[in-house]
Protein chains: 2
Amino acid sequence: MSATDSFGNFLRTRRQRKAGDDPSFSLRKLANRIGIEPSYLSKIERGHQPPPGEDTIRKIADELGEDRDAMLALAGKVSSDLLEIIRQRPAVVAELLRAIRRAPARRITEMSREVRDGEW
Amino acid sequence: MSATDSFGNFLRTRRQRKAGDDPSFSLRKLANRIGIEPSYLSKIERGHQPPPGEDTIRKIADELGEDRDAMLALAGKVSSDLLEIIRQRPAVVAELLRAIRRAPARRITEMSREVRDGEW
DNA sequence: TGGGGTGTGTAGTAAAAGCTACACACTGAA
DNA sequence: TTCAGTGTGTAGCTTTTACTACACACCCCA
């Protein structure tokens, strides 16, 4: 399943679920709040257009109450602030990312906690 | 200094240094080995063109014996294999990256080692 | 005094990304 | 029975990305 399709499907089902008990989540109204053309949003939901740009995805995620990074990933993208973190120290950070590729998620979360708590 | 300029400057000085004792590092010959037009390489070196695409940067880095991730970073890019690692598990990996933003490089390298050694 | 080698200037090009604008057809309530 | 609201189809657009093609001017040295 292409990024175009999975992003669209996810978006459509999440929006429709919300539209069930909140009429402000009609395709048109949501598009207006986000600041894009309704027809464009329609095409994205059905996979007739690839996912939109980063800023637009961010707004969509916020409106739906979904995780920004997860939606960006669905769209085949990575948040630009993460890119910036990598670009600041390419060698060390690249090494770390390649190291954790197959590590269990639990272990990765644990590492985040340790770093934040300053355990070293 | 823009990405265009710093990438160009770095490339030019590294290439010229090598050209000093190895004539196969003339702009033209290097361009031919890489598979791009000499005039294009010339413009990139002088910052008249933005850095080339990922594949081309990779080839340049390999020719110069420089770190790929570092050169990509100079160009304002991030290696697509790292993007893929993030997209696989956006939430956990994003959390980790944001956590290490201000951590000392030594600590990050240490973490890579620990994960590879399977210390958990 | 050419003929290979050097770098550079000008002028394009193809494809992708990220959209807009507007008309159309349907539905459900007033 | 109209009209506000729903989603959708068609046809564009601008900007960015990542280059190519080719001619020009200089230098050196055989």
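Reminder, nothing fancy here: chain letters follow the sequence lines and each chain counts from 1. Atom set for the values below is all heavy atoms of this structure, side chains included, hydrogens, waters and symmetry mates excluded.
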What residues, two or more places apart in sequence or in another chain, satisfy side-chain hydrogen bond (donor to acceptor under 3.5 Å, both in side chains) together with [X]?
{"X": "B:R101", "value": "none"}
{"X": "B:S42", "value": "B:R46"}
{"X": "A:E95", "value": "B:R116"}
{"X": "A:R28", "value": "none"}

With a 4.0 Å cut-off, would you call A:E110 and A:R107 a salt bridge? no
Sidechain N-carboxylate O distance under 4.0 Å for A:D62, A:R58: no
If the condition is salt bridge (Lys or Arg N to Asp or Glu O under 4.0 Å), which residues does B:R17 pass it with, not counting sequence neighbours? none
Rounded distance in Å - [atom1] ([X]) to [atom2] ([N]):
{"X": "A:L27", "N": "D:dG9", "atom1": "CG", "atom2": "C1'", "value": "14 Å"}
{"X": "B:L30", "N": "C:dG5", "atom1": "CG", "atom2": "C1'", "value": "16 Å"}
{"X": "B:K59", "N": "D:dC19", "atom1": "NZ", "atom2": "C1'", "value": "12 Å"}
{"X": "B:L41", "N": "D:dC19", "atom1": "CG", "atom2": "P", "value": "12 Å"}
{"X": "B:D55", "N": "D:dT17", "atom1": "CG", "atom2": "C1'", "value": "14 Å"}
{"X": "A:N32", "N": "C:dT20", "atom1": "CG", "atom2": "P", "value": "11 Å"}
{"X": "A:K43", "N": "D:dG7", "atom1": "NZ", "atom2": "P", "value": "15 Å"}
{"X": "B:I36", "N": "D:dC19", "atom1": "CD1", "atom2": "C1'", "value": "9 Å"}

Strictly by salt bridge (Lys or Arg N to Asp or Glu O under 4.0 Å), give each pair with a member in residues 70-90 of chain A just once, sequence neighbours left out. A:D81-B:R98, A:E84-A:R87
Is there a side-chain contact between B:R46 and the phosphate of C:dG7, meaning an N or O under 4.0 Å from OP1 or OP2? no
Sequence-distant partners of A:P90, side-chain contact (heavy atoms from CB on, under 4.5 Å), two or more places apart: B:D69, B:A73
Under a 4.0 Å heavy-atom criterion, the protein footprint on nucleotides 24-30 of chain D, written with B, S and -, is -------
Step by step, would you call B:R113 with B:D117 a salt bridge (Lys or Arg N to Asp or Glu O under 4.0 Å)? CA-CA 6 Å; B:R113 212 211 80 240; B:D117 292 358; 3.2 Å; yes
Please tabulate, one pair per line, each protein N/O and nucleotide N/O from nucleotides 15-18 of chain C that are separated by under 3.5 Å, including the distance.
residue : atom : partner : partner atom : Å
C:dG18  : OP2  : A:K77   : NZ           : 2.7

Base C:dG7 paired with B:S39 side chain (donor-acceptor, <3.5 Å): no
By nearest atom, which of the nucleotides [options] is closest to the [X] side chain?
{"X": "B:S42", "options": "C:dG7, D:dC22, D:dT10", "answer": "C:dG7"}
{"X": "B:S26", "options": "D:dG9, D:dT20, C:dG7", "answer": "C:dG7"}
{"X": "B:K29", "options": "C:dG9, C:dG5, D:dT20", "answer": "C:dG5"}

Between B:T109 (side chain only) and B:A105 (backbone N and O only), is there a donor and an acceptor less than 3.5 Å apart? yes
I need the residues from residues 7-22 of chain B with at least one non-hydrogen atom less than 4.0 Å from DNA chain C; give them sorted by number, or say none. B:R12, B:R15
Under a plain distance cut-off of 3.5 Å, with no hydrogens placed, do A:S80 and A:E54 share a side-chain donor-acceptor pair? yes
Could you identify which residues cluster with A:L27, counting Ile, Leu, Val, Met, Phe, Trp and Tyr as linked when any side-chain heavy atoms lie under 4.5 Å apart, either directly or through a chain of such contacts? A:F7, A:F10, A:L11, A:F25, A:L30, A:I34, A:I36, A:Y40, A:L41, A:I44, A:I57, A:I60, A:L64, A:M71, A:L72, A:L74
Do the non-hydrogen side-chain atoms of A:D22 and A:K18 ever get within less than 4.5 Å of each other? no
Taking N or O atoms only and anything under 3.5 Å, show me the protein contacts with nucleotides 2-4 of chain D, one pair per line.
none

